[in-house]
Structure formats: structure tokens, C-alpha cells
Amino acid sequence: MFNSFFAGTGHYVPERIITNEYLSTLMDTNDAWIVERTGIKERRWFEKGKDTVANMAAKASQKALANAGIEASDIDFIVFATITPDYYFPGSGVLLQRELGLANIPALDIRNQCTGFVYAVSVADQFIKSGMYKNVLVVGAEIQSSALDISTEGRGMAVIFGDGAGAVVMRRSENAESRVLASKLYADGRFAEELILKDPGSSRPFRQLDDLAANMEDTRPYMNGNQVFKHAVHRFPEVTLDILAENGFQKEDLDLLVPHQANLRITRYIQEKLQLPEEKVVSNIERYGNTTAASIPIALSEAFEQGRLKPGMLVCLTAFGSGFTWGANLLKW
Ligand SMILES: CC(C)(COP(=O)(O)OP(=O)(O)OC[C@H]1O[C@@H](n2cnc3c(N)ncnc32)[C@H](O)[C@@H]1OP(=O)(O)O)[C@@H](O)C(=O)NCCC(=O)NCCS
């Protein structure tokens with residue numbers, strides 16, 4: 001059996017910076033509330049006509065490829081995590097394949113919300129382990145700002161979510177040192193409606209446009225913030241401690257935790273629970289908000305650029321999100 005390792009990382013975020021001050025001109029909110037409850041100071045929103053989920057993913061991928069020292073033509077499989085594809089179908093995986101000029105390689109779309117990237121890494125790892133593929137491009141990219149309700153009614157979500165893309169090149173490794181050690185994935189569909197975007201959903205009768213306009217709320221995401229918070233602070237530390245223990249490690253052995261950037265209060269809670277010093281936890285939510293499937297690869301790419309990732313380090317990626325879904329990947333960098 002082969003192993004997989006992370007050979008290169010990259011990210012891209014739209015240039016347009018949306019500050020808390022700007023949001024307070026659109027809705028009844030303020031910088032103090034947003035910073036205190038979420039830790040977010042600004043986020044990026046896409047620019048119409050310039051940014052798409054697929055082209056942001058391509059920019060992040062080009063950086064990851066350069067970082068890995070391979071060409072796009074070396075990629076033999078794309079795994080693309082997003083909940084905000086450019087089209088309802090086809091998914092953004094094929095659009096990324098087209099952007100990169102790659103003929104006929106398979107592209108798989110993953111829809112596991114904020115846990116999407118963790119699921120995507122586990123899928124890529126399995127395909128590499130089985131010997132089927134050698135060089136897999138694993139991407140998380142989102143444009144969420146276009147679906148947000150930016151009136152006071154939608155402020156609970158509008159202040160949290162942002163746009164961006166991150167990518168990782170995962171390669172086959174015959175050296176057992178640097179590798180993905182394990183993945184743990186979970187889901188609990190009983191809570192599907194606690195964080196949801198209903199339309200365009202298939203299980204309701206066809207609606208006329210007028211009808212759709214009258215039911216705009218179903219085309220906007222809904223979040224039961226308190227319920228999500230309660231589950232997240234339980235599941236994040238639980239899955240992190242479990243994956244460490246099951247692989248023979250203790251929390252003290254962890255060199256870097258890269259949590260999905262859900263909310264700074266959630267990250268601080270995990271940090272406290274695992275008794276990790278600040279330098280062992282990656283946090284960039286202050287600048288990007290919650291970018292769902294893109295948050296972990298963006299954070300990982302920034303951590304790499306900052307020299308925080310060194311060979312041999314024990315690294316854990318951990319996430320929780322809509323579904324509910326949650327999980328973790330444990331790596332030797
Ligand atoms: C969304 C979240 C920040 C809300 O924080 P909270 O402390 O639970 O706040 P509440 O929803 O109880 O609202 C408290 C008050 O602030 C108000 N409020 C909500 N959003 C606001 C905003 N953007 N600006 C100002 N006030 C706001 C509410 O209307 C409420 O007012 P009231 O007391 O007069 O009714 C919090 O629940 C959370 O972080 N949840 C998890 C979100 C998450 O991580 N999602 C992604 C999962 S992957």
C-alpha cells in the first residue's frame with residue numbers, strides 16, 4: 001500500500017475587503033458586536049465579472065502546483081469541495097479542470113459544507129493509497145456572499161461568511177515519514193435543517209418565478225447559531241482528541257492544529273480544551289471570516305508561507321459544519 005502526503009499548498013482570496021464598518025452601513029450591526037461574538041474584523045467578497053468559484057480555485061491550484069514543483073498536466077484526479085458551485089450542475093470540479101486545461105482527468109465534487117475539505121482529503125488519500133492515482137489536486141473554494149441576506153434580518157449569517165479558495169497537491173509517497181496518518185469522518189443528519197440553504201431543492205413542486213420571488217427566504221441560508229455553536233464546541237475537541245489517541249498520540253504531541261475557521265470563540269474553546277499554546281493553533285478568521293470548505297486550505301497555505309509547517313511536524317486538520325458533519329485528518333508534515 002502507498003501513502004499520500006501534502007506536497008504543496010496555495011490560496012487565493014478576492015481583492016475586495018469588506019470591513020465590519022462597511023457592513024454596519026448595510027444593516028443594523030457594529031464592529032464591537034461582530035468582533036466580540038465572532039472575532040471577525042473583515043472578510044473578502046467576490047467581484048462580479050472577475051471572480052468565480054472555479055477561477056479562484058484555479059489561482060489557488062496554480063500556487064499549490066508551483067509549491068509542489070509539478071505541472072498541472074501531472075495531476076490525475078481533482079477533488080473539489082464546495083457548497084457554492086458556479087452552477088447548480090455541473091459541479092465546479094469540471095470547471096476547474098477546464099480552467100487548468102486538463103483533458104479528461106476525473107473531477108469529483110464533494111458537498112460536505114464546512115467539513116468538505118476534511119472529507120476531500122480523506123477521499124484523495126484513499127485513492128492514492130489504493131494505487132489508483134498519484135497526484136491529486138484537492139480544493140476548497142466558495143463564493144458565499146452572493147447568497148447572503150445583507151439586510152438586518154440576515155445579519156446573523158451575513159457578518160460571518162466570506163469568499164475564497166485554497167488548494168493542496170496530494171502526492172503518492174513511498175517514504176513513510178511525511179504522510180497522512182488517518183482520517184475520521186462523521187455525520188448526523190438529524191440536524192440537517194439547523195444550517196441550511198433549501199432552494200433550489202428538488203423535493204418541492206416546480207414553482208413559477210413569481211412564487212419563487214415570494215419565497216426568497218428559501219434561497220437564503222438559514223442558521224440556528226446557538227445550536228450550531230453548542231454542537232461545534234463539543235465535536236471539534238472530541239474528534240481531535242480521538243484521532244490523536246487512536247494513532248498513539250497525546251494532545252501534547254500535536255505541533256499544529258488547523259481548525260476550520262468557524263468562529264474565533266469556537267477556536268479558543270478548542271484551544272483551551274486541548275490546552276494548546278496559541279502558536280500551535282492557526283487562526284485567520286479575523287481577516288477572512290468563515291469561508292466554509294476553503295477555510296482549512298487557506299489557513300494551511302498561510303501557515304506554510306509563514307514558515308509554521310516544518311517536516312516531521314504532527315498536524316491535525318479538524319472541522320465541523322452543516323449536516324451536521326465533522327471530522328479530522330492527522331498528518332505527519
Ligand atoms: C451566530 C452567533 C455569532 C450569534 O451569537 P450569539 O451570542 O449566539 O447571539 P444571539 O444569536 O443569541 O443574538 C444575541 C443578540 O444579538 C443580536 N444580533 C445577531 N446578529 C447580530 C449582528 N450581526 N449584529 C448585531 N447584533 C446581532 C440578536 O438579534 C440578539 O439580539 P436580542 O438579544 O435583542 O434578541 C453564534 O451563535 C455563533 O457563533 N454560532 C456558531 C456559528 C458558526 O460557527 N457557524 C458556522 C459553523 S461551521
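One-based numbering, in listed order, for ligands and for the atoms of each.
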Is it the case that S173 and N3 place a side-chain donor and acceptor less than 3.5 Å from each other?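 Result is no, nothing qualifies.
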
Can you name the closest pair of heavy atoms from D86 and S92 and give their distance?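 That would be N-OG, 3.2 Å.
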
Is the closest N or O pair between [X] and ligand 1 shorter than 3.5 Å?
X    : result
R155 : yes
L195 : no
H260 : no

Does ligand 1 have an atom under 4.0 Å from some heavy atom of I34?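 Per 4.0 Å heavy-atom rule, I34 does not contact ligand 1.
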
Is it true that a side-chain atom of S322 and a backbone atom of Q113 form a donor plus acceptor pair closer than 3.5 Å?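 No, the answer is negative, given that no donor and acceptor are paired below the 3.5 Å cut-off.
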
When you measure from [atom] to each heavy atom in [options], which option holds the nearest one?
atom                    : options             : value
atom 3 (C) of ligand 1  : D31, T38, V159, I40 : T38
atom 1 (C) of ligand 1  : T325, N290, I160    : I160
atom 47 (C) of ligand 1 : T267, N30, V228     : V228

In the complex you have, is [atom] within reach of the protein, judged by whether a heavy-atom distance drops under 4.0 Å?
atom                    : result
atom 33 (O) of ligand 1 : no
atom 30 (C) of ligand 1 : no
atom 7 (O) of ligand 1  : yes

Measure the spacing between CG of D76 and CZ of R171 and express it to the nearest 0.5 Å.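 Here the rounded value is 9.5 Å.
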
Identify whether V169 and V138 are in the same connected component of the hydrophobic contact network (ILVMFWY, side-chain heavy atoms under 4.5 Å).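 Unlinked, V169 and V138 end up in two clusters.
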
Before we go on, tell me: are the rings of F320 and H260 under 6.0 Å apart, centre to centre?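 No; H260 has its ring centre 6.0 Å or more from that of F320.
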
With the threshold set at 4.0 Å, does a side-chain nitrogen-carboxylate oxygen contact exist between D242 and K184?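 The answer is no: the pair does not qualify as a salt bridge.
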
Closest approach of any protein heavy atom to atom 16 (O) of ligand 1, naming residue and atom: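 Among all protein heavy atoms, the one nearest atom 16 (O) of ligand 1 is W33 NE1, 3.2 Å.
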
